[in-house]
Amino acid sequence: MTIATHTELVQHYTEDFTALQDAVLARMNGMASPQTAAALAHPSLAGPIAVALAHADVLARGDIRRAELSGRPAPHRLRHLREHARRVRRARSEADAVCKEQRARRVADRRRPPLEPLELRVARAADPEAYGRALREELLDRGSSAADVRTPDHDLALWAWQRDPAAAELPAAVRELLECHDDAFVQALLRDAREGENPHLAHDAVVERWGRHARTALAWGRYAIAQAERQVLARALTARGAELDALDDAYQDAAILAARAREAKHRIADLHDRIRGRAATGPFAELIAQCRAAALVRFAAGEPQLWQRACRLAIEHRADCDARADGCPRCHRTLAALLTGNASADTSQGGGGDGGGSEGFAPGYKERYAILDDSPSRAAVAVADAAVGDESALSGYGWAAEDGTTGYGDSMASCSGEAEIIGICQAALSLLGRHPEAPVVVLCDSTEAVEAVNLALTSADPAAAHRTVLFPEGRELLARLVPHRDRLQVRWLKGHIGHDLNETADALAGLAVRRATGRVSATAARREEARILRSLSSDQHPGMAAA
């Protein structure tokens, strides 16, 4: 095979998404020609291959769901579809790993700025306020600000464009995408998937916003799948043809949304590489170097004793440091701690934290997760839980109360946190209605849901939880709950520790999502519900205070 032919094939796959996806699936199934396999190995196709497999993954799951809902498919047919979906998922994971490895290599190969003198790094770590003051004074004298010598974490393209004197005015369509409300932007992403590709989304000034909202658009794609599923399940097995076609359309749209979300991620990575590369060279890099050098002179003049001690300590350290040939890149924090006499100074890279997911709660929050000794007297108490499906936005909730009542049902949720919020609201509204004079306490094992509901209650505004609650079902329930905020407490409960009410709520939520997706018949659901409730009544639980 000639180089020219190989180049043409790579170019063909770059420009023709359908041809690329067919070739990728053929390679996955061991049916690709040597020429095709060689072309797919080209580094420039790593990103497009990941995009194609993100699209194929959703379609494969859609094929399974359509077969499940079409009646009684032949077992071998379902086995074939499930095996194909597993192969696609595996190939997608491998493609994502290749992209991640390529990205890591690009970052490693990126030319890093020269390492600053050790004495400067030591002094700055010992007294960052003094150095920051010197840098601000230098910038002020130059008529600049800190923003002029720092690259932001977001909106890199706008930052670079605003500093480029030769930059042309943004096209009107791009400005419209930048200036519209978030909801309108998500609608633009949905139109991009359902009606026709919007080329302006790939503009450098827009692509980061595209990436930030792609997950929201994909959630609405899953919402459409859930609506179509409900329509299918409402029809008799022999009369589902049109509804199954609508379900297939919803999966097609969701597949495009998944592919476009992956494409946005690749474009953002490329954008960051290009702009950070520009920031490390040319006028911007020169400005940073000049400002830092001048700030160092100011710093040394303003803090002469600290500077002299830092220089002496750096000289002594270099004499026997194993990393002196590399400029002692990580030694300055330890030396700064010696300089200030603070043995407990932070010598790690980045902040601490236990990663437990309960940030923002009062001290001791984890330890008092289900201890209700401080709860209002005569409080009605319930535990809520939820379960979400894989393919669509259909979710299930369940709850169990100390007074012996339970409830479960299904709704729409964009994520597990939103599903848990729906469960909290349903449990609370039920207890509030049955105990009109008593305070109500609802426990849930999702910190995200507890924080979001409490934010809405304390602010008396359901919209305060908008980051977690996306769909109208959850927003309506929160709006109904907020007027009762003076009688309601929502607390965290550690899950899966054998707590009987929590286990019951979890079992009911799982039953609800299986019933909503048609994976259990009505008769079987009633039998399982009876079994769950018998198990609860036989546990003889001692009450929440002892949990």
Side-chain angles (χ1 to χ4, degrees), residues 365 368-387 395-411 419-447 449-450 452-454 456-457 473-474 476-516 525-547:
Y365 186 83
R368 63 186 293 276
Y369 55 84
I371 301 175
L372 300 185
D373 294 338
D374 60 343
S375 67
S377 60
R378 301 177 295 103
V381 180
V383 180
D385 210 338
S395 65
Y397 64 85
W399 57 268
E402 280 192 336
D403 63 8
T405 58
T406 60
Y408 72 102
D410 60 86
S411 187
E420 300 274 6
I421 288 172
I422 290 170
I424 291 171
C425 291
Q426 293 285 7
L429 290 169
S430 179
L431 291 186
L432 288 165
R434 285 200 317 280
H435 302 275
E437 303 299 327
V440 169
V441 177
V442 178
L443 304 177
C444 176
D445 61 10
S446 166
T447 57
V450 170
V453 174
N454 280 325
L457 294 176
E473 290 80 358
E476 180 184 350
L477 286 169
L478 267 181
R480 290 171 55 194
L481 199 64
V482 164
H484 304 284
R485 61 188 181 277
D486 294 334
R487 266 209 304 141
L488 176 64
Q489 290 186 20
V490 179
R491 295 183 176 182
W492 179 66
L493 166 71
K494 187 174 183 180
H496 305 296
I497 57 171
H499 192 292
D500 53 346
L501 294 183
N502 181 231
E503 296 300 325
T504 298
D506 179 70
L508 290 173
L511 172 60
V513 75
R514 286 188 289 117
R515 189 185 66 172
R526 286 192 294 271
R527 287 199 300 268
E528 185 169 347
E529 178 186 359
R531 180 189 60 76
I532 294 170
L533 297 183
R534 282 196 305 270
S535 176
L536 174 64
S537 63
S538 65
D539 280 338
Q540 300 294 321
H541 60 87
M544 294 297 295

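Because the structure is predicted, anything quoted here is derived from the model rather than measured.
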Supply the atom-to-atom distance [X] [atom1] to [Y] [atom2], rounded to the nearest 0.5 angstrom.
X    : Y    : atom1 : atom2 : value
I424 : D385 : CD1   : CG    : 9.5 Å
E420 : T447 : CD    : OG1   : 10.0 Å
R480 : Q426 : CZ    : CD    : 7.0 Å

Contact check, side chains of [X] and [Y], non-hydrogen atoms, under 4.5 Å:
X    : Y    : result
I421 : L477 : no
D500 : E503 : no
C425 : L478 : yes
L481 : L432 : yes
T405 : W399 : yes
D403 : H435 : yes

Nearest heavy-atom neighbours spanning [X] and [Y]:
X    : Y    : answer
A505 : A384 : CB-C, 4.2 Å
A509 : G398 : CB-N, 3.7 Å
D410 : A512 : CB-O, 4.3 Å
A382 : L431 : CB-CD1, 3.5 Å
I422 : S411 : CD1-OG, 3.5 Å
A525 : L511 : O-CD2, 3.8 Å

Going through the distances and angles, do I532 and E529 end up as a side chain to side chain contact (heavy atoms under 4.5 Å, CB included)? CA-CA 5 Å; I532 294 170; E529 178 186 359; 5.6 Å; no
Given L493 and L501, is the side chain to side chain contact (heavy atoms under 4.5 Å, CB included) satisfied, shown in steps? CA-CA 11 Å; L493 166 71; L501 294 183; over 6 Å; no
Using modelled atom types only, decide if a donor and an acceptor are shared between the side chain of R487 and the backbone of A438 within a distance under 3.5 Å. yes
Checking the side chain of N454 only, and the main-chain atoms of V490 only, is there a donor and an acceptor separated by less than 3.5 Å? yes
Sorted by chain and number, sequence neighbours left out, salt bridge (Lys or Arg N to Asp or Glu O under 4.0 Å) with D445 holds for none
Go through it in stages, so that I can follow the logic: the residues are R514 and E528, the test is salt bridge (charged side-chain N to carboxylate O under 4.0 Å, His left out), and I'd like the CA-CA distance, side-chain angles, deciding distance and then a yes or no. CA-CA 11 Å; R514 286 188 289 117; E528 185 169 347; 2.5 Å; yes
